[in-house]
Amino acid sequence: MTALKLVALTIFYAILSWVMIHLLAVLGVFIALAYPIWWAVLPQGTFCFYCKSLKQGMWCRFCKKTVDPNDPVYPHVSNLRSAVLNGILIFLFTVLSITLVYGESKLLNKLGIPHTAKTVYFVIPAKGQYRLGEIFPMKIELVGVKTPINAIQADVSFDP
C-alpha cells in the first residue's frame with residue numbers, strides 16, 4: 001500500500017469514526033432500548049456484537065454458545081438474554097460517546113472556539129416622539145454578544 005493511500009485511508013477512517021461517535025451520542029440510547037424489540041421482531045436480522053468480536057471456537061458469554069462461523073445462526077442473537085446484554089453494551093458505548101463529545105466541546109471552548117448563542121437580547125429605548133413618515137435614528141444595544149455579527153433582524157411595533 002502506498003503512503004498516499006495509507007494517509008487517505010487514515011483520514012477516511014478518522015472522519016468516519018468522528019461521525020459515528022456523534023451519531024451514537026445522539027441516537028445510542030434509542031438504539032439500545034430498541035435492540036431487544038428489534039430482536040423480538042427480526043431475530044435472524046439481529047446479530048450479537050459480542051460474538052462478532054470473538055474468534056472461532058471462543059465462548060460467547062451473551063449467547064451462551066461457542067462461536068462457529070459455519071453455524072447457520074451465527075452471529076445472530078439466540079435469546080432474549082443476549083439481546084438485552086447487547087442493548088446494555090450499546091448503551092455503554094453510548095455513554096462513552098457522550099463523554100467523548102462532551103470532552104470535545106470542552107476542548108474546543110478552551111481552544112477559543114466557543115459555541116455561539118443563536119439568540120441575542122437587545123434593548124430598545126422605550127420613549128421618544130416622532131411624526132408619521134419621519135425617519136429617525138434608533139439606538140439598539142445588543143447584550144450577550146461575544147463574537148462579532150454582521151446583520152440583525154428586528155420586528156418593531158409602535159403603540160398607536
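What you see below is based on every heavy atom in this structure, not just the backbone, and it leaves out hydrogens, waters and symmetry mates. In this text, all values refer to a predicted model and were calculated from it rather than measured experimentally.
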Cluster overlap I98 with F93, hydrophobic side-chain contacts below 4.5 Å:
no
Residue pair D68 / Q56, side-chain heavy-atom distance below 4.5 Å
yes
Would you indicate whether the side-chain heavy atoms of T66 and M58 approach each other to under 4.5 Å?
no
Please report the interatomic distance CG(L107) to OH(Y102), rounded to the nearest 0.5 Å.
12.5 Å
Would you call F62 and L89 a side-chain contact if the rule is heavy atoms closer than 4.5 Å?
yes
Smallest separation among heavy atoms of K52 and F47, with atom names
CG-CD1, 3.6 Å
From S82 atom OG to R61 atom CZ, the distance as rounded to the nearest 0.5 Å:
13.5 Å
In short, A32 meets G87 closest at the heavy-atom pair CB-O, 3.3 Å
Please say yes or no: joined through hydrophobic side-chain contacts below 4.5 Å, possibly via intermediate residues, are L92 and I90 part of one cluster?
yes
Given the rule in the side chain to side chain contact (heavy atoms under 4.5 Å, CB included) test, do V67 and K55 qualify, once you have shown the distances and angles that lead to the verdict?
CA-CA 7 Å; V67 174; K55 295 180 181 173; over 6 Å; no
Going from OG on S97 to CG on L27, what distance comes out if it is rounded to the nearest 0.5 angstrom?
11.0 Å
Could you give me the CA-CA distance, side-chain angles and deciding distance for L85 and Y50, then say whether side chain to side chain contact (heavy atoms under 4.5 Å, CB included) is met?
CA-CA 9 Å; L85 289 174; Y50 194 67; over 6 Å; no
First locate atom CG of L100, then atom CG of L24, and finally report the distance between them rounded to the nearest 0.5 Å.
10.0 Å
For F49 together with Y35, are the ring centres under 6.0 Å from each other?
yes
Check the hydrophobic clustering (I, L, V, M, F, W, Y; side-chain heavy atoms under 4.5 Å; chains of links allowed) and say if F12 and L4 are grouped together.
no
Taking atom CG of L96 and atom OG1 of T99, what is their separation to the nearest 0.5 Å?
6.0 Å
Could you measure the distance from the CG atom of L16 to the CD1 atom of I21? Nearest 0.5 Å is fine.
10.0 Å
Hey, quick one: are F91 and L33 part of the same hydrophobic cluster, counting side-chain heavy atoms closer than 4.5 Å, chains of contacts allowed?
yes
Partner set under side-chain hydrogen bond (donor to acceptor under 3.5 Å, both in side chains) for W18, not counting sequence neighbours:
E104
Looking only at atom types and distance, does a side-chain atom of W39 sit under 3.5 Å from a main-chain N or O of V77, one as donor and one as acceptor?
yes
Out of curiosity, does L80 fall in the hydrophobic cluster containing W38 (side-chain heavy atoms, cut-off under 4.5 Å, transitive links)?
yes
Would I88 and V84 count as a side chain to side chain contact (heavy atoms under 4.5 Å, CB included) if you check the C-alpha gap in whole Å, the side-chain angles of each, and the deciding distance to 0.1 Å?
CA-CA 6 Å; I88 292 171; V84 170; 4.1 Å; yes
